[in-house]
Amino acid sequence: AADTVKVGLLRLTSHSPSIIAAGNGYFADEGIEVEFVPFQAAQPMAVAIASGDIDFGMTAISGGLVSLAQKGAVKVIGGALMETPDVEGQKILVSKAAHDGGVTTPADLAGQRFGVTTAGSSFHYMAHKIADGAGFDRADLRIVPLQKVPAVIAALKSGQIDAWSIVPNIADALTAGPEVVEIGKVADYIPGYQVTTVFTSTRNIENNRELVERFLAALAKGIDDYNAALVDKTMSEADTAALVKMVHEYIYNDQPLEKADPRIRAGAMRINPGARLNLESVEDQLAWFQSEKLVPADATIDELVDTSFVETD
Amino acid sequence: MSTDLASPAAQHAEPATDLAGRREVPFRGGGFRHRPMWYVGPVVFAGLLLLWELGSRSGVISPIALPAPSEALGALGDLVETGMLWRHLSASLSRLALGWSIGTCLGILVGLAIGLFAVARSALSPLVSAFFPIPKIALLPLFIIWFGIGEGSKVATLVFGTFFPTVIATYSGVDGVDRNLIRMGQSFGLKWRSIVTKIILPGALPAILSGARISASIAIILLIAAEMIGAEYGLGAYILMAGSLFALDQLIAGVAMLSIIGLIVAWLIGRAERKLLDWRL
Amino acid sequence: MSTDLASPAAQHAEPATDLAGRREVPFRGGGFRHRPMWYVGPVVFAGLLLLWELGSRSGVISPIALPAPSEALGALGDLVETGMLWRHLSASLSRLALGWSIGTCLGILVGLAIGLFAVARSALSPLVSAFFPIPKIALLPLFIIWFGIGEGSKVATLVFGTFFPTVIATYSGVDGVDRNLIRMGQSFGLKWRSIVTKIILPGALPAILSGARISASIAIILLIAAEMIGAEYGLGAYILMAGSLFALDQLIAGVAMLSIIGLIVAWLIGRAERKLLDWRL
Amino acid sequence: MELIVEAVSHQYGATEVMADISFTIGSGEIVTVIGPSGCGKSTLLRFLGGLERPTSGKVFIEGAAPDGSLNPLTYVFQDFALLPWRTVEGNVRLVLDDHRLSASHTDEIVDDVLARTKLSEFRSAWPRQLSGGMKQRVAIARALAVRPAVMLMDEPLSALDSQTRELLMDDLVELWGRERFSACYVTHNLAEAVRLGHRIVVLSRRPGRIREVVDIDVPLSERATRMAELEVTQRHLWQLMRDEAREADRELLHVD
Amino acid sequence: MELIVEAVSHQYGATEVMADISFTIGSGEIVTVIGPSGCGKSTLLRFLGGLERPTSGKVFIEGAAPDGSLNPLTYVFQDFALLPWRTVEGNVRLVLDDHRLSASHTDEIVDDVLARTKLSEFRSAWPRQLSGGMKQRVAIARALAVRPAVMLMDEPLSALDSQTRELLMDDLVELWGRERFSACYVTHNLAEAVRLGHRIVVLSRRPGRIREVVDIDVPLSERATRMAELEVTQRHLWQLMRDEAREADRELLHVD
Ligand SMILES: Nc1ncnc2c1ncn2[C@@H]1O[C@H](COP(=O)(O)OP(=O)(O)OP(=O)(O)O)[C@@H](O)[C@H]1O
Ligand SMILES: Nc1ncnc2c1ncn2[C@@H]1O[C@H](COP(=O)(O)OP(=O)(O)OP(=O)(O)O)[C@@H](O)[C@H]1O
Ligand SMILES: [Mg+2]
Ligand SMILES: [Mg+2]
């Protein structure tokens, strides 16, 4: 009988590979039956892995994830979304008011209000890396925690924060309007940034190593299809449309396919083939968490990552 | 104003210096009771919607601040068309029904215990005061670990949310029951059970029903918190998703659904009140 | 049990077939009134904490499910040491005081209007039923646009949250005031204002106070929602950060602070009740 | 001031409570109303006080209220209607508060009426601490405080012991001698009725109709000493009431 | 069944309400208690019924309750204590519910007591729809329904018109003739006291003490026709009460 595996899903296009792997039968080929469990936010997904409610998840590395890893509950096993020079990556945005006020390059961000969801989120990390790269003190950025992406959007649009950084499909939608202006790319400041990772529970790694391997193998095929269809656009239009339809079952499924189709295709970022992991980037992120005292100083990279499943660099 | 209520001006009728002629005795009664005016509510709603729509169309209300009601209606139309409305609604309603009824029943039981037993009051009422103000959202990570990500944690969120206000409303109601009536029951040697079910519960019923109004609204509010965790369908999940996409039309459509549920629940409780409290006039 | 309450067994005393000898008349009164037992509450709290600590130390309670109270105490100690406790506390308390008092005052006013005027009841009570169940968190993006990310939106969240339950508690209380007393006031030609302030308000006071208990707890809960928006300091912000970092010891420490605030507020309301309702025995 | 009741009838739902009642309470006249339990006496009094409106018929008032009368038409409730959250004194003050009297004047009135009803000792007691008779005395004190021109009293003395009742009746007579107020006085005590009433309206059982109106010519102040003369009237009333009760009994038997 | 009051004294806070009261209510005996308003009659009755406990002294009960008595010691409240959310019938049924009677037996009792108190027509009325006298009759009907061995009555007839009162008194006498219950009957109506009491306990003003105990030998059933003989007793009681009131008055004057 097939092993049943529960996979946490955020309703974002970056989660398409596992949907594609399921739709194209790659999981079935590995003898895995997949059940998708949708989440509204990344953090509960990590907790649900710790509690054993789901088996695999894919999100950015957050303070919460490190904390759970340190408690021995979860481990990062592979990489997913990554900033690469060849594909459009995350963008740095400012409000119209700030732009008019002279904030036209990331170097002008000193003294501005930068929106993040929570302290210790990837937004927080990006903000500080931008400060480092642009050459001003991290403390000169005023970090405004707003908990949720929509809250940050609302604050940016109404000019109550000055800057933010976000994935291209949301960034493009925002810059299409008059209230928000793009002033730079995150990739310029954090080269090789490993934005999201694949993780599972320590229990799975210890008791079911071979299942984890099979899962990653199937996922890798899904990733290849995804990159071919939406990032490199080397797949035929008919096959791409079929993939989009597959993805639409879970993502933007409250809108008719015609409306959802362009949104799914827009601004896809590359996902590392074979779930390759940029360990260097992860180490840098961990070091940042520790420097900001968001995780205990004694957390180690070995607690966080199991490097035995995928290639790392 | 078509009420029996003596208006402020009419109240102080007939001062001592009144005309001495023959006149009808001024009406000074009524006890501030008023006639229901069922048509006012819908009119006010319609008026508000109209103003809002006009404000949106004329640009007084910026589309970032609030989408026009017609747009929200469009989003609602999409929901109906794709057949998702029913899915979201049924998921949320069944959670609501389950969570609210468990929370309310437990709340009434514990509230009665606090109202009736000195030990229970001393032990539980500080616990209630301590646990009530704990925000359910803060505990979501723990709820996942305790109750999983299935229906368990969602219903638990609603139960937690409705339990505490019901407890408080119930024991305040019990405290307000006329002690003389209880003494009467005791003097006739009524069983303890009879006194509780026939004297204390009916006496506390007005307070319990007013508590139910509040706890039902809280339960609806908590749908959002409950459906933050791994909910595929449900109005809360729909609103959260609309929010994360900054799709204000869908957001307002979802919020309007919650309002309508709130109105229906309030109407049902109003009916129950009229039926159960008919002795009150 | 050291209460005056006739226990279930003692209730049905003296059946017709009792012994015929001389015996004291059985006590069948008291009206279920009980003596306060101030020591029980602290003992229960201490017991719960002890069990919890023991559970955590022995590993029955996994550290992922709940940290030991001693760890939470450690986190609290850190807060005190760094001097952050006072900053968080003062930020939250001032928001709480402002939001709760505005919401409660407005709520009492509107509740009185609904209780007193037929027009207000017909127009406002469906609006209350419709707006109460709207989740504040869902509207956060809109709140930011409406009220900004400063103190305005935080206080507005608390005001919205406390306003509605107070309205409902107040008008239910007004509905419950003995009509005969109002008629008495009318027959003596009391001014409308006097009837409202001297008869209706005191009569509705028990219900209003029980509403205040509920709305105060809701306000504390809403600190989390309020401080979601760009708050640097405040217990809600502290808890949110702890939650997102999955720092359970800090999370529990923050929640415990909210509980303590809840206990203090409940105690204050209890004192107010005893003072204002002394006529009730 | 005069009160004129014109052709008053009333129904509560399907129940006919009273039918076609007309009489006049002249200025300075005390009219007592007697009748079997449930015949509509309290309801009629509520119409007189404007607390309720009859289904048909009207109640008129004529003539100016005397100076210094704070609430010309004053109603004494059968169930006292004391505010449980005000002390004895507070309950009396309640009805004076709105009249802009000087503080000392108010104190004077309160002291006076509490002394007259023997409640001075209990001025700061809560209503729940009072005996039935004491509550009734508070209700009377409150009514006296506003110096009514027409008093509407619903069994005001029924919860009092005979001596207190006697004293309060003397008090009322004396007060009337001084202030000549008009009054409608509902009672079920025939001795009270003949002692206090210039005119006695006898109502039939429900639906209440006027069965007879008895005038008594003996001046109020002399009645205490001339009770013997009044015996005849009292016995006549007794007879009337018994007839009513008998008929009611017969009807009930018929219904059973 | 017998009730024995032994050296009962009571204080509410600093107020001494009654002092050193002892008397016995023999089996099948009706004791009436009279005394000025606020002297502690209702409080004393609450002690007899076990509704409250005196500061010192005790109340004993002796002898078995007769068969068929559902609530041997039954209290009739001065303020009726009707449940506002139950109809007249429901208020009576309330006290029968716990006794596992057959449905038909319960119906029978309810019909009987409602007929005896002339409330059959009003069985489905709410308390708020009743007149004062009717409420009192419901309270009496409820007490009769449990066939008490000792009835404790606090001014049970004070809100009734004289004829209904007369009839209910006859009813009580007849009932007593059949069932020989014991009773303690608080009243402020001297005529009632001499009409119903085998023994009359006269209390002094607050703090209530026993001022005199008057025995009356005329059998209850003959009293209606031999009222003239009882006049003497009644006048004696009147005298006692007036003395009390006078003294109280004098004290008050002294205080003022
Ligand atoms: N709100 C009401 N709804 C329906 N019926 C009512 C209402 N109020 C009074 N009644 C009925 O009207 C009748 C007259 O009542 P009312 O109180 O006037 O009697 P009463 O003559 O004062 O009696 P009593 O001497 O016992 O006080 C009664 O039969 C009563 O049942
Ligand atoms: N709960 C209480 N607290 C304080 N004092 C009380 C309380 N109950 C009664 N009293 C006082 O006790 C005294 C006796 O009251 P009680 O009701 O027994 O009088 P009573 O003889 O029945 O008078 P009445 O004939 O007017 O009904 C009164 O002075 C009253 O003020
Ligand atoms: Mg009446
Ligand atoms: Mg009494």
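Lettering follows sequence order; numbering is per chain, from 1. In what follows, every heavy atom counts, from backbone to side chain, and hydrogens, waters and symmetry copies are set aside.
Proximity to chain B is limited to the side chain of E:Phe77, based on heavy atoms less than 4.5 angstrom apart. Looking at E:Val146, the atoms closer than 4.5 Å to chain B (heavy atoms on both sides) all sit in the side chain, from C-beta outward. For a residue to count as touching a neighbouring chain, one of its non-hydrogen atoms must lie under 4.5 Å from one of that chain's; by this rule E:Leu152 does not touch chain B. With a threshold of 4.5 angstrom between heavy atoms, E:Trp126 approaches chain B through side-chain atoms but not through N, CA, C or O.
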> What do the steps show when you test E:Thr117 against E:Met134 for side chain to side chain contact (heavy atoms under 4.5 Å, CB included), and what is the final call?
Replying inline: CA-CA 9 Å; E:Thr117 48; E:Met134 289 153 88; over 6 Å; no
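Contacts of residues 136-145 of chain E with chain B at a heavy-atom distance below 4.5 Å involve E:Arg142, E:Ala143, listed in sequence order. Close approach to chain B, defined as a heavy atom under 4.5 Å from one of its heavy atoms, is seen in no residue of residues 35-43 of chain E. Along residues 197-209 of chain B, the residues that come nearer than 4.5 angstrom to chain E, judged on non-hydrogen atoms, are B:Lys198, B:Ile199, B:Pro202, B:Gly203 in order of number.
No donor-acceptor distance shorter than 3.5 angstrom exists from the side chain of B:Ser92 to the backbone of B:Leu89, with no hydrogens or angles considered.
Among residues two or more places apart in sequence or in another chain, the salt bridge (Lys or Arg N to Asp or Glu O under 4.0 Å) test is passed with B:Glu24 by D:Arg53, D:Lys58.
Inter-residue side-chain proximity for B:Arg121 and B:Tyr171 is flagged as met; some heavy-atom pair is nearer than 4.5 Å.
For the 3.5 Å distance criterion, the side chains of E:Tyr185 and E:Glu192 qualify, holding a donor opposite an acceptor.
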